[in-house]
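Computation of the quantities below employed the complete heavy-atom set of this structure, encompassing side-chain atoms and omitting hydrogens, waters and symmetry-equivalent molecules.
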Amino acid sequence: MTSTPPGALAGLHVLIPRAPGRGAGLARLIEAAGGVPVVAPLISRQAIDDAERAALDDAVAGLRDGAFAWVAVTSVNAVDELVASAERVETSPTSRPASPPAAPSRPTEPDAADAGTSPLGRLATAARWAVVGPATARALAAHGITADLVAPQNSATGMLAVWPAATAAAKPGPRAATPTSATSSDAPRVVLPRVLLPLGDLARPTLERGLTALGYTPVRVTAYRTVSHPAPADVVTRWRAGGFDAVVLTSGSVAREVDAQLGSRPGVLAVAIGEPTREAALAVGQPVAAVADAATDDALFAALLAAVAAGTGRAHPVARPAASGGPAPAPAALLDPRDDAAIIEERAHPATRTPGAPHTPEEP
């Protein structure tokens, strides 16, 4: 992206409600522009139960046997769980050699990771892959898989907007033992191509409905669970005392947690990672000043700059001290680095998410 003046965000206190491993890149950009970022997760990922894990492993084994025409991946979290599942499938005592696969849908890029070194890459050659954004595409590329479809808008709706209509296949029908009518028992049956959807437990049925309308048979499995992660007490105190100027919302789940744990604040400049996240924020009473045009740190940073410029009428916001009156926290304060959402957390969380609250697949 273009260079940013060092003081473009001078004195701006920005809350990034993400795990340290996922928020550090944006925090560095904000710090370099003179801002004071604080990274603190409000949601985290939790392991699925045994029955859900078995269903996921069965689906991944189906990739090996060519059971799916497509796989739709809406977050890096889902990639992590597919990789873990592929490892379990490959090392299972009941695992069998793969059937001769269909021709790969596209050649692997020469400079991509060798698919032969990754269990997921070895199982994935017969399916085409669709992803919600560039971060998810990069996560797959690390395992030798090149995305065939990358959504121009980082949401399920964006994926569906560019998804090709299905071409149904005709297969011989089952032969009846004793035909009882003039209708041939060997009439072909129409088989709709199947799409594997490894989603979080809170994902809305947008993809399932859209793919069905396009002529596919979606097969949804739960790959991970999203749970509430209690905000650090000092972050809660600072937020409620007006100690933050801006907040970055990276999913609808995050927007709802900001409201539930901290409380919506119309005076805070909120930046959303995509349109579904903006809608989720508005639904809980949090105005959104800008929406990123892509699910990347650079795009979120650009949206923050735009929000600040529009909100202050100048490129340099007025610096303000922390609400406590004490010294400002160290730039890019990474709170509790053990709580990286990229790691499945085994411990329970005191505040579990309300079942059924929708999740938007925009996390970069």
Side-chain angles (χ1 to χ4, degrees), residues 13-27 30 36-49 75-77 80-81 200-203 222-273 277 280-281 283-286 300 322-324 326 328-364:
H13 292 251
V14 183
L15 176 61
I16 306 173
R18 307 188 75 184
R22 304 291 293 280
L26 178 59
I30 293 171
V36 182
V38 174
V39 181
L42 298 185
I43 62 173
S44 59
R45 187 172 43 146
Q46 194 172 62
I48 55 180
D49 62 30
S75 73
V76 174
N77 288 337
D80 293 340
E81 297 306 324
D201 63 314
L202 304 182
T222 299
Y224 60 92
R225 292 187 168 275
T226 302
V227 297
S228 177
H229 186 108
D234 60 327
V235 169
V236 176
T237 299
R238 286 184 59 195
W239 175 273
R240 293 178 179 173
F244 288 101
D245 303 284
V247 62
V248 179
L249 306 174
T250 55
S251 74
S253 301
V254 168
R256 284 182 289 274
E257 284 301 325
V258 168
D259 176 64
Q261 296 194 45
L262 307 177
S264 297
R265 293 187 66 89
V268 173
L269 289 175
V271 171
I273 199 172
T277 297
V284 295
Q286 176 63 58
L300 286 167
S324 64
L334 303 184
L335 302 170
D336 195 359
R338 296 168 296 174
D339 293 325
D340 193 328
I343 301 173
I344 296 178
E345 298 189 3
E346 299 296 336
R347 64 184 182 278
H349 296 274
T352 56
R353 171 166 298 284
T354 302
H359 168 68
T360 46
E362 297 176 337
E363 189 82 12

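Thr222 places none of its side-chain heavy atoms less than 4.5 Å from the side chain of Asp49. The side-chain heavy atoms of Pro17 and Glu257, taken from C-beta on, include no pair separated by under 4.5 Å. Inter-residue side-chain proximity for Leu262 and Val236 is flagged as met; some heavy-atom pair is nearer than 4.5 Å. Using a 4.5 Å cut-off on side-chain heavy atoms (C-beta onward), Val247 and Trp239 make contact.
With rounding to the nearest 0.5 angstrom, the CG atom of Leu202 is 5.0 Å from the OG1 atom of Thr226. Here the NE2-CZ distance, from His229 to Arg18, works out to 14.5 Å after rounding to the nearest 0.5 Å. Going from atom CG of Asp245 over to atom CG of Leu269 covers 7.5 Å, rounded to the nearest 0.5 Å. Taken from OH in Tyr224 to CD1 in Ile48, the straight-line distance is 11.5 Å, to the nearest 0.5 Å.
Ser264 meets the side-chain hydrogen bond (donor to acceptor under 3.5 Å, both in side chains) test with Asp259; sequence neighbours excluded. Judged as a salt bridge (Lys or Arg N to Asp or Glu O under 4.0 Å), and not counting sequence neighbours, Arg265 has no contacts.
Heavy atoms only, all atoms of each residue included: Glu81 and Ala223 are closest at CG-O, 3.1 Å. Here the shortest heavy-atom pairing between Val38 and Arg238 reads CG2-NH1, 3.5 Å. Taking both residues in full, the closest heavy atoms of Ala281 and Leu249 are given as CB-CD1, 3.8 Å, listed atom of the first, atom of the second, then distance. For the residue pair Ala270 and Gln286, the shortest heavy atom distance occurs at CB-NE2, 3.9 Å. Taking all atoms of both residues into account, the shortest heavy-atom contact from Ile16 to Pro37 is CD1-CB, 4.0 Å. Counting all heavy atoms, side chain and backbone alike, Phe244 lies closest to Val235 at CE1-O, 3.9 Å.
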Test side-chain contact (heavy atoms from CB on, under 4.5 Å) applied to Ile43 and Val227, step by step: CA-CA 6 Å; Ile43 62 173; Val227 297; over 6 Å; no

side-chain contact (heavy atoms from CB on, under 4.5 Å) between Thr277 and Thr250, intermediate numbers included: CA-CA 7 Å; Thr277 297; Thr250 55; over 6 Å; no

